[in-house]
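In what follows, every heavy atom counts, from backbone to side chain, and hydrogens, waters and symmetry copies are set aside.
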Amino acid sequence: MGKFSLIECVKYQCNIVDEKKQQTKKEKMKERRDRWLNKISSIKLAKEQQVAQAKRAAMPVVGDMRPLADALPELCQLIPSTTKTSRKASRKNRVPVKKKPEPTDFSLMKPAQKRKLLESETSRFSEAVKNLAHSKTNPLAAIGEHLRKRLKQEEEQGPS
């Protein structure tokens, strides 16, 4: 304080006081209200965080995973972005997924499967009726021949 005189210090302090006094009453009230609202919102946020913490801690096996989730990097940061060409290449390299065998029990079939089966069976039946009409001499032999063809067709479709 050696360089400043007592008068200069008093003038300096008066300037600071004058700056504070220049605020209007309305501005002061607004400032006070803003501080009050900030305080309330910070208290509310702290309480919400505390409730969330308690919920996470109350989980049976897992417990609080938030610190671990915060510490781990995001998945998008770990995996490099893929281009369209690499996506196409990865599609070609995929192993084909084996389809489930279609159920043979009619009650377990889906409606589309039932419809397909019924259409194929009606076409076979109409074919058998046509064959019976052509061979009036021995209908039993025609039915036997039709069944042999059908069994042979099913055996060929079965292994593949």
Side-chain angles (χ1 to χ4, degrees), residues 1-128 149-160:
M1 273 212 176
K3 291 186 177 183
F4 293 110
S5 67
L6 184 61
I7 297 171
E8 288 175 345
C9 288
V10 172
K11 283 183 182 177
Y12 178 72
Q13 287 180 346
C14 288
N15 286 338
I16 293 174
V17 173
D18 287 342
E19 286 176 6
K20 285 188 177 180
K21 286 187 178 180
Q22 287 181 0
Q23 281 186 332
T24 63
K25 184 174 183 180
K26 197 172 193 179
E27 289 172 345
K28 288 179 186 176
M29 288 173 61
K30 187 174 183 181
E31 191 175 298
R32 186 174 176 217
R33 184 176 184 274
D34 287 342
R35 281 185 286 173
W36 182 71
L37 287 175
N38 286 339
K39 185 176 181 181
I40 288 178
S41 64
S42 64
I43 291 171
K44 188 184 280 189
L45 182 64
K47 189 172 183 177
E48 286 175 359
Q49 287 175 347
Q50 195 175 22
V51 168
Q53 173 83 19
K55 272 186 180 179
R56 289 191 302 268
M59 284 184 165
V61 176
V62 180
D64 188 5
M65 299 292 282
R66 177 60 57 193
L68 180 63
D70 291 341
L72 291 174
E74 293 292 323
L75 186 60
C76 61
Q77 294 171 349
L78 294 175
I79 299 174
S81 62
T82 58
T83 61
K84 289 183 180 180
T85 56
S86 65
R87 286 181 186 170
K88 287 180 181 178
S90 67
R91 285 182 188 162
K92 289 179 183 177
N93 294 338
R94 282 189 190 157
V95 177
V97 178
K98 294 181 181 179
K99 291 185 177 179
K100 290 182 182 178
E102 292 185 3
T104 53
D105 189 8
F106 192 76
S107 63
L108 298 176
M109 290 183 179
K110 294 179 180 174
Q113 292 172 332
K114 288 180 182 179
R115 184 175 25 85
K116 191 175 182 182
L117 178 70
L118 288 175
E119 287 174 356
S120 64
E121 290 297 323
T122 52
S123 65
R124 285 192 198 107
F125 180 74
S126 61
E127 187 180 317
K149 286 182 185 177
R150 173 77 174 119
L151 288 173
K152 193 174 187 181
Q153 186 182 16
E154 284 183 0
E155 285 176 2
E156 290 174 358
Q157 289 178 353
S160 59

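- In the displayed structure, K114 atom NZ is contacted under 6.0 Å by more than 12 heavy atoms of other residues, nucleotides or ligands.
- Taken from CG in L45 to CD1 in I40, the straight-line distance is 13.5 Å, to the nearest 0.5 Å.
- Residues satisfying the side chain to side chain contact (heavy atoms under 4.5 Å, CB included) criterion with R33, sequence neighbours excluded, are L37.
- By the 4.5 Å heavy-atom criterion applied to side chains, K149 and Q153 are not counted as neighbours.
- Considering CD of E27 and CD of Q22, their distance stands at 10.0 Å, rounded to 0.5 Å.
- At least one side-chain heavy atom of K39 sits under 4.5 Å from a side-chain heavy atom of I43.
- Salt bridge status for E127 with R124: absent, with no side-chain N to carboxylate O gap under 4.0 Å.
- Pairing each heavy atom of S123 with each of S120, the nearest pair is OG-O, 2.7 Å.
- None of K28, R35, M29 except one satisfies the side-chain contact (heavy atoms from CB on, under 4.5 Å) rule with E31; the exception is R35.
- Checked for salt-bridge contact, K44 and E48 miss the test: no charged N lies under 4.0 Å from a carboxylate O.
- Shown here is Q50, whose CD atom has no more than 12 heavy atoms of other residues, nucleotides or ligands within 6.0 Å.
- Note that NZ of K152 is 14.5 Å distant from CZ of R150, once rounded to the nearest 0.5 Å.
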